[in-house]
Amino acid sequence: MRVAVLCFPTPGGSGVVAVELAREMARRGHEIHLVSYAKPFRLTVEKNIFYHEVALRQFPLFPYPLFSLETAARLAAVLKECSPQVIHAHYALPHSVAAILARQIAGAEEVKIVTTVHGTDISTWGHDPQLGPLVRYGLEKSDAVTAVSFSLRRETAALLGLKQEQEQEKIAVIYNFIDLERYRREVNSKLLRELAPRGEKIVMHISNFRPVKRVTDLIRAFALLLREKKDVVLVLVGDGVEKEKVARMVGEMGLAAHVRFLGVQADPVPLLSCADLLVLPSARESFGLVALEAMACAVPVIAANTGGLLEVVSDGQTGLLFPVYDFNALAAAMRRLLTDGELHGRLAAAARRRAEQFSAARIVPYYEELYYRLVPRL
Ligand code: GMT
């Protein structure tokens with residue numbers, strides 16, 4: 001099958017899922033045409049994957065580049081040149097709408113559109129007075145919609161005003177997945193010594209530092225933890241709008257000696273393999289891909305009890321959950337897991353076993369079946 005994929009190139013869950021899915025599909029022999037305004041984070045040269053860059057041009061009349069229209073125009077050209085049978089739009093805005101427009105421009109009405117909703121496309125933009133109608137339009141005109149968790153499916157169905165029976169019919173839940181061969185614990189002792197030179201325990205957080213990630217709650221909780229436990233370091237991976245604020249907080253609270261900022265890292269596996277805990281204190285999270293990545297590396301996860309995180313992390317079994325915003329409870333959970341070796345070992349082993357249920361081998365065929373349902377084999 002030939003599939004055109006629309007995704008964001010920036011570090012972030014939806015782009016990572018799009019690229020991983022492209023890679024898995026390509027390995028299964030499908031021809032994948034990835035359309036994005038920059039080479040997606042984590043995309044490597046692989047057989048059967050073709051990258052089509054969307055040029056974002058400046059023109060004196062336009063105050064900003066016409067990102068959505070440029071995307072639609074580039075995709076229309078790809079439809080004409082490469083004849084994909086399916087367009088897979090990751091993140092409803094603007095990708096599903098760009099796909100609909102491109103299909104019309106190219107006069108390729110037979111091409112099917114699959115939209116995967118990832119999170120804030122629904123929770124933020126779906127309810128936005130200006131863009132909400134566009135999100136709903138994109139989803140309603142898609143030939144199939146998938147959501148990355150049951151929690152996100154419920155939210156999407158509510159946005160579209162679907163009844164329970166329609167919800168299941170219109171929106172398929174296809175969980176995010178993980179390549180278990182690549183994501184496995186392999187400790188690099190040199191890196192471990194760099195991160196924790198005195199053999200400290202390592203608490204890790206990986207995100208794009210948006211306010212929704214509540215990194216500031218983690219800093220407050222970490223300060224509480226440090227009052228009782230000194231042999232611990234906090235490793236922060238990623239970058240984003242709140243990074244400076246977080247760095248300032250770390251300085252003002254006198255935590256700098258215990259906190260390392262590593263910036264964006266293309267390969268999280270060596271880092272996760274050094275971690276004792278991964279913390280995800282998000283206010284909302286439709287799935288929490290990084291939690292799954294950590295679990296695959298046998299790292300227990302402490303997460304806020306919100307949204308799809310409850311479908312990934314089982315409290316007391318593969319990690320610990322705490323009430324959103326409650327940094328006291330987060331500090332207590334970190335203390336518990338870092339001091340109870342038996343509990344930590346049990347949760348770490350169970351985390352890897354749970355991650356195996358989200359293997360690419362199990363999940364990717366659901367996407368493949370969906371494509372074949374829309375475009376039957378000849
Ligand atoms: O929806 C977003 O916030 C952006 C998106 C991204 O591109 O990073 O993240 C979402 O999609 C990921 C992949 O499906 C999920 O693992 C994240 O939980 C989800 N983020 C939120 O719901 C906040």
Side-chain angles (χ1 to χ4, degrees), residues 5-22 24 36-38 40-43 88-96 114-128 131-132 135 138-139 145-156 159 171-179 183 205-215 217 237-242 264 268 278-296 301 303-313 319 321 324-325 355 358 360 363-364 366-367:
V5 175
L6 285 180
C7 70
F8 289 112
T10 42
S14 66
V16 171
V17 170
V19 168
E20 295 295 337
L21 182 58
E24 292 290 336
S36 195
Y37 65 84
F41 179 69
R42 295 200 194 170
L43 178 68
H88 195 153
H90 286 270
Y91 205 88
L93 267 193
H95 294 139
S96 60
V114 175
T115 297
T116 292
V117 292
H118 281 272
T120 46
D121 41 0
I122 301 304
S123 59
T124 301
W125 301 118
H127 299 281
D128 182 75
L131 292 174
V135 173
L139 298 180
V145 175
T146 78
V148 298
S149 64
F150 285 90
S151 154
L152 184 58
R153 171 159 87 179
R154 275 193 299 279
E155 226 181 310
T156 310
L159 178 76
I171 310 169
V173 173
I174 304 184
Y175 276 138
N176 287 333
F177 57 88
I178 190 99
D179 179 340
Y183 283 82
H205 171 79
I206 305 181
S207 80
N208 45 20
F209 284 70
R210 286 181 299 165
V212 72
K213 301 291 176 183
R214 304 291 310 173
V215 190
D217 288 349
V237 183
D239 203 349
V241 286
E242 288 222 315
V264 176
L278 180 97
V279 179
L280 204 51
S282 311
R284 312 171 157 268
E285 204 69 67
S286 66
F287 183 91
L289 184 62
V290 71
L292 178 58
E293 293 178 343
M295 286 161 59
V301 174
N305 60 354
T306 181
L309 282 172
L310 278 75
E311 295 168 55
V312 180
V313 180
L321 297 174
V324 182
Y325 308 129
F358 295 91
I363 307 281
V364 172
Y366 290 113
Y367 280 112

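Atoms within each ligand, like the ligands themselves, are counted from 1 in listed order. FYI, the numbering just counts along the sequence from 1. Remember, predicted model here, so these are calculated numbers, not experimental data. Scope of the values below: all heavy atoms of this structure, side chains included, with no hydrogens, waters or symmetry mates.
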Gly12 heavy atoms within 4.0 Å reach ligand 1 at atoms 6 (C), 7 (O), 8 (O)

heavy-atom search around atom 22 (O) of ligand 1 in the protein gives Ser286 N, 2.8 Å

query = Distance only, no hydrogens: is a donor on one side chain within 3.5 Å (strictly under) of an acceptor on the other, for Ser286 and Ser149?
reply = no

Has the side chain of Tyr91 got a donor or acceptor atom that lies under 3.5 Å from a matching backbone atom of Asp121?
yes

**Prompt:** Applying a strict 4.0 Å limit to heavy atoms, is His90 in contact with ligand 1?
**Reply:** no

At under 4.0 Å between heavy atoms, what of Phe8 touches ligand 1? The answer is neither

Checking heavy atoms under 4.0 Å, the part of Arg284 that sits near ligand 1 is backbone

Do His205 and Leu280 have side-chain heavy atoms sitting under 4.5 Å apart? yes

Min over Asp121, Asn208, Thr120 of heavy-atom distance to atom 3 (O) of ligand 1 lands on Thr120

| request: Let me see the working for His118 and Phe287 under ring-ring contact (aromatic ring centres under 6.0 Å, His included), right down to the final yes or no. | output: CA-CA 8 Å; His118 281 272; Phe287 183 91; 9.7 Å; no

Quick look: Val290 vs ligand 1, heavy-atom contacts under 4.0 Å, and the answer is neither

Review point. Is it true that the side chains of Glu311 and Tyr175 contain a donor and an acceptor less than 3.5 Å apart?
Key: yes

Any heavy atom of Leu289 under 4.0 Å from ligand 1? The part involved is both

When rounded to the nearest 0.5 Å, the distance separating OG1 of Thr120 from CG of Leu93 is 9.5 Å

